Every structure is written in C-alpha cells, then in structure tokens.
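Notes for the one structure printed next.
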Amino acid sequence: MNDTVKFSNITISLCKQHLNIEEEFVDDDNLIEVGLMYSRDYILNYTGLTVEELDNIPSINIAVLMIVSDSYNRRSSAFGYDNNNKINFMLKSILDMHKRWL
C-alpha cells in the first residue's frame, strides 16, 4: 500500500496533526472536513490544474494544510493578510508556481 500523501488523499487525520489537535477530539471534525473541501476547491480553481496534476506536486499539500488551518482558526471569510494581497504570501507563492496561466 502506498502511504504517499497526495492532494487527493489528504485526510482529516492529517489536518488534525497539522492543527495540533488530538485524534480522539472529534467535536470539530465536521469543521475540519469543510475546511478541507474548501481548500481543495480553492486550489483547483486557483491553479486550473486537475486533481491528477495536483497529486504530482508535493508542495501543494502545504497549501492545502495552510488553507485548512486558516479556515479552522479564523472561521470567517476574511482571507487576506493586508490591504493589497487577499491571500497569504507563502500560499500565493506555492499556488502561483503551479498555476495554469492563460
């Protein structure tokens, strides 16, 4: 069995590790799952890449976890970090590396 973490198989369990949440604490699992779904949708739309293409980009996993973390910790639609950029610089850098530019 291949245990490689890919865009398509990031789990709530991995997200909880990233968030430093005990596996046994399940009260927020639905919130984390919603954040994970949002993260995948956001990255798919932002980059224009397919799930299969994203599965071959290991650094995209950090972007997924960053968005999950942000959505879990902020729990609001305010995604920006300053007045000019509406996206975290590190996250933008990772996603821009792989964006399909028109």
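For the single chain, residues carry numbers from 1 onward in sequence order. This one's a predicted model, so the numbers in the text were calculated from it and none came from an experiment.
Of all non-hydrogen atoms in Ala63 and Ser39, the two that sit nearest each other are O-OG, 4.2 Å. Of all heavy-atom pairs between Ser59 and Met97, the closest is OG-CE, 4.2 Å. The shortest non-hydrogen separation linking Met66 to His18 is N-NE2, 4.4 Å.
With rounding to the nearest 0.5 Å, the separation of CG in Asn20 from OG in Ser69 is 10.5 Å. Here CD of Glu53 is found 10.0 Å from CG of Leu44. Values are rounded to the nearest 0.5 Å. Atoms CG and CG, on Leu14 and Leu65 in that order, are 5.0 Å from each other to the nearest 0.5 Å. Between Leu95 atom CG and Leu54 atom CG the span is 9.0 Å, to the nearest 0.5 Å. Atom CG of Leu36 sits about 12.5 Å away from atom CG of Leu31, to the nearest 0.5 Å. Here the straight-line distance linking atom CD1 of Ile43 with atom CD1 of Ile67 works out to 4.0 Å at 0.5 Å rounding.
The backbone N or O of Ile10 lies less than 3.5 Å from a partner atom in the side chain of Arg40, making a donor-acceptor pair. Looking at Asp70, its side chain never comes within 3.5 Å of a backbone N or O of Gly35 through a donor-acceptor pair.
Ile21 and Met37 are members of different hydrophobic clusters when ILVMFWY side chains are connected at heavy-atom separations under 4.5 Å. Criterion: ILVMFWY side-chain heavy atoms under 4.5 Å apart, direct or through other members. Under it, Val34 and Ile32 are not part of a common hydrophobic cluster. Both Ile57 and Val51 sit in one connected hydrophobic cluster of ILVMFWY residues. Membership requires side-chain heavy atoms under 4.5 Å apart, directly or through other members. Note: the hydrophobic cluster containing Val5 also contains Ile62 (ILVMFWY, side chain heavy atoms under 4.5 Å, direct or indirect links).
A heavy-atom distance below 4.5 Å is not found between the side chains of Ile60 and Leu49. Within the 4.5 Å cutoff, the side chain of Val64 has heavy atoms near those of the Phe7 side chain. Between Leu19 and Asn73, the closest side-chain pair of non-hydrogen atoms falls below 4.5 Å.
Every residue two or more places apart in sequence or in another chain was checked for a side chain to side chain donor-acceptor pair (under 3.5 Å) with Glu22, and none qualifies.
Using a 4.0 Å cut-off between charged nitrogen and carboxylate oxygen, Lys16 and Asp28 do not count as a salt-bridge pair.
By the 30° and 60° cut-offs, the orientation of the rings of Tyr46 relative to Tyr42 is parallel.
Heavy atoms of other residues, nucleotides or ligands lying less than 6.0 angstrom from CG of Asp27 number more than 12.
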